[in-house]
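Any value given below was found using the heavy atoms of this structure, including those in side chains, with hydrogens, waters and symmetry copies removed.
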Amino acid sequence: MLVTGASSGIGAATARAMAASGARLLLTGRDPGRLAAVAAEVGGEALTADLVTEAAALARWAGPVDVLVSGAGAGWAGPVAAMPDGAAAHLIAANLTAPVELTRLLLPAMIERGRGHLVYVSSIAGAVGVRDEAVYSSAKAGLIAFAESLRYELDGIGVSVVLPGVVDTPFFARRGVPYARRRPAPIPAERVARAVVAAVERGRAETYTPGWLRVPARLRGAAPGPFRALACVFGGSGRR
C-alpha cells in the first residue's frame with residue numbers, strides 16, 4: 001500500500017490506521033524528519049518526495065502496489081485576484097495533476113493483476129465550492145470527477161473518494177490562513193483515516209466525513225438556488 005502525504009495530518013493518521021489493520025506500507029511526503037518518524041512508528045518504508053515533480057520516480061520506487069491512498073495536497077486562501085504568481089498552478093498541480101499522474105503510472109500493474117484499490121482524499125470544498133478557495137475547490141472537484149470516471153473505466157479495481165470537512169491538521173497553518181470559525185468544529189485526522197480504511201475494506205465509492213456533509217452536497221445538486229442563498233448567509237465555508 002502506498003500512502004502519499006504521510007508525513008503529517010490525514011496521511012500520517014491513515015498510515016497508522018492502515019498499519020493497525022495489518023497493511024504493509026510505503027509512505028511518501030515532503031518532510032523527511034516527520035516522514036521518517038511515521039515510518040518508524042508503523043514499520044513502513046519511507047521516501048521523501050514532492051509529487052508535483054517526482055511522481056515518476058515515486059512510481060518506480062513503489063513498484064506494483066495493491067492500494068494507493070492519495071492524501072497529499074496543498075491549500076491557499078484568499079480571493080483569486082489576490083493570488084501570487086504561480087500559486088494557482090501549484091494548487092492544481094498538487095491537488096489534481098499529481099494524483100492523476102501517479103494513478104496513470106501505477107494503474108497498468110493493477111490492471112495486469114486484475115485487482116487493486118484507489119482512494120482519493122478530496123474535500124467537501126470540491127463538492128460545494130468555498131468562498132476564497134476557488135482554485136483549491138476546483139482542483140478537489142476535479143479529483144472527484146476523475147475518480148467517478150475511473151469507476152466506469154476499470155473492472156476489478158476499487159475507486160473511492162473520501163470528502164472531509166474541517167480537519168484538525170497543519171493544513172491551515174501551511175496555507176497561511178488559520179481556521180477561525182466556531183462551527184463546524186474541526187474533526188480529528190484519525191476520524192478521516194478510519195473512513196479511508198473503511199472505504200478500502202468495504203468498497204465504498206464515496207464517504208463524507210462527518211456524514212452530515214452529504215446533506216449540503218446533495219442540496220447543492222438538487223436545489224442550487226436555495227443552497228447558494230444559505231451559503232451566502234452562513235459564509236459558504238467548508239474546508240479540510
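- In this structure, Ser122 contributes its side chain and Val162 its backbone to no donor-acceptor pair below 3.5 Å.
- Applying the ring pair (Phe, Tyr, Trp, His ring centres under 6.0 Å) rule to Phe227 yields no partners; only residues at least two apart in sequence or on another chain are considered.
- For Arg30, the CZ atom sits in a loose shell: 12 or fewer heavy atoms of surrounding residues, nucleotides or ligands are nearer than 6.0 Å.
- A donor-acceptor pair is defined here as one N or O able to donate and one able to accept, closer than 3.5 Å; no such pair exists between the side chain of Arg115 and the backbone of Met110.
- Distance alone, capped at 3.5 Å, places no donor-acceptor pair between the Ser123 side chain and the Leu163 backbone.
- If you take OG1 on Thr28 and CG on Leu102, they are separated by 8.5 Å, rounding to the nearest 0.5 Å.
- The CD1 atom of Ile124 lies 10.0 Å from the CZ atom of Arg220; values are rounded to the nearest 0.5 Å.
- For the atom pair His90 NE2 and Asp85 CG, the distance stands at 14.5 Å (nearest 0.5 Å).
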For residues 48-61, which side-chain N or O atoms pair as donor and acceptor with protein atoms under 3.5 Å away, sequence neighbours left out?
unit_1 : atom_1 : unit_2 : atom_2 : d
Asp50  : OD1    : Val52  : N      : 3.0
Glu54  : OE1    : Asp50  : N      : 2.8

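- No side-chain donor-acceptor contact under 3.5 Å links Asn95 to the backbone of Tyr136.
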Would you be so kind as to tabulate the donor-acceptor pairs closer than 3.5 Å made by side chains of residues 201-212, with sequence neighbours excluded?
unit_1 : atom_1 : unit_2 : atom_2 : d
Glu206 : OE1    : Arg218 : NH2    : 2.8
Tyr208 : OH     : Arg218 : NH1    : 3.4

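- With hydrogens and angles disregarded, a donor-acceptor distance shorter than 3.5 Å links the side chain of Arg113 to the backbone of Ala109.
- Atom CG of Leu91 and atom OG of Ser137 lie 10.0 Å apart (nearest 0.5 Å).
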